[in-house]
*Asks:* 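Quick one: the structure is below, questions incoming.
Residue numbers start from 1 in every chain, and the chains themselves are labelled A, B, ... in the order their sequence lines are given, proteins ahead of strands.
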Amino acid sequence: EAQVTQNPRYLITVTGKKLTVTCSQNMNHEYMSWYRQDPGLGLRQIYYSMNVEVTDKGDVPEGYKVSRKEKRNFPLILESPSPNQTSLYFCASSFTFNQPQHFGDGTRLSIL
Amino acid sequence: ELKVEQNPLFLSMQEGKNYTIYCNYSTTSDRLYWYRQDPGKSLESLFVLLSNGAVKQEGRLMASLDTKARLSTLHITAAVHDLSATYFCAGNNAGGTSYGKLTFGQGTILTVHP
């Protein structure tokens, strides 16, 4: 089944404890992207990747890192999480930037 | 910097009626996307509009793009309850170096009632 898989789905953690949210797609997609969704602020792009080893900042990259070492995986790394990174995160992928994106089910992060 | 504005932000419709959601953007964008999100769920891609004058239709939804007016519309025909959801548009900054960067509108919460 074609899908975008995010893990974990839910995480409660503490300020400063490094964490990684994984994103994997099985559709051989080139374009992958991370978004965060906050009440009143809507959806904002964090980072995106046009292909392997090609990543770029979205609108809100501060406090996040990404890597794209292989086509299927695009992990989101929070080196030193802070409470303002408490949010609902979505990973998405598409064949190219011109194609419809497939979204993961979301990861709800709470940073205390 | 691209700004994307949707209106209305809230839309309460009667079943069977027609309505349009508007998506205005501030700078040149050559890609316009529409998404749907049901409460508590992830997002679903509806349409990708790639050129001026592009029109796409799926069921009761039709999306169009006018790059000269910097406007995309999502038209709903004969609304049914199943269309109740939040609808987002998003565009890229065609003139910038970050070509794959997407900026979203605030979202339109659509409620269809009998």
*Asks:* Just wondering, are more than 12 heavy atoms of other shown residues or ligands nearer than 6.0 Å to CD1 in Ile12(A)?
*Replies:* no
*Asks:* Hey, any chance Leu102(B) and Val54(A) share a hydrophobic cluster, counting ILVMFWY side chains that come within less than 4.5 Å of each other, even indirectly?
*Replies:* yes
*Asks:* For Leu43(B), which atoms come within 4.5 Å of any heavy atom of chain A: side chain, backbone, both, or neither?
*Replies:* both
*Asks:* State plainly whether one hydrophobic cluster holds both Leu74(B) and Leu32(B), where clusters connect Ile, Leu, Val, Met, Phe, Trp and Tyr through side-chain heavy atoms under 4.5 angstrom apart.
*Replies:* yes
*Asks:* Find the N and O donor-acceptor pairs between chain B and chain A that sit under 3.5 Å apart.
*Replies:*
residue   : atom : partner   : partner atom : Å
Arg31(B)  : NE   : Asn98(A)  : OD1          : 2.4
Arg31(B)  : NH2  : Asn98(A)  : OD1          : 3.1
Tyr33(B)  : OH   : Phe97(A)  : O            : 2.4
Tyr35(B)  : OH   : Gln101(A) : NE2          : 2.9
Gln37(B)  : OE1  : Gln37(A)  : NE2          : 2.8
Gln37(B)  : NE2  : Gln37(A)  : OE1          : 3.0
Ser42(B)  : OG   : Gly104(A) : O            : 2.5
Ser45(B)  : OG   : Gln101(A) : N            : 3.0
Ser45(B)  : OG   : Gln101(A) : O            : 2.7
Ser98(B)  : OG   : Asp56(A)  : OD2          : 3.3
Gly100(B) : N    : Tyr48(A)  : OH           : 3.4
Gly100(B) : O    : Tyr31(A)  : OH           : 2.6
Lys101(B) : NZ   : Asp59(A)  : OD1          : 3.2
Leu102(B) : N    : Gln45(A)  : OE1          : 2.7
Thr103(B) : OG1  : Asp59(A)  : OD2          : 3.2

*Asks:* Near Met62(B) CE, under 6.0 Å, is it more than 12 heavy atoms from other residues, nucleotides or ligands?
*Replies:* no
*Asks:* Quick one: of Leu49(B), Leu46(B), Leu50(B), who has the most non-hydrogen atom pairs under 4.5 Å with chain A?
*Replies:* Leu50(B)
*Asks:* Test of understanding: clusters of I, L, V, M, F, W, Y form through side-chain heavy atoms closer than 4.5 Å, transitively. Do Leu109(A) and Phe74(A) belong to the same one?
*Replies:* yes
*Asks:* With a 4.5 angstrom heavy-atom cut-off, could you sort out which part of Phe90(A) is near chain B: side chain, backbone, both or neither?
*Replies:* side chain
*Asks:* Under a 4.5 Å side-chain heavy-atom rule over Ile, Leu, Val, Met, Phe, Trp and Tyr, are Val52(A) and Val4(A) clustered together?
*Replies:* no
*Asks:* Side-chain heavy atoms nearer than 4.5 Å, only ILVMFWY residues, links allowed to pass through others: does that put Leu11(B) and Phe47(B) together?
*Replies:* yes
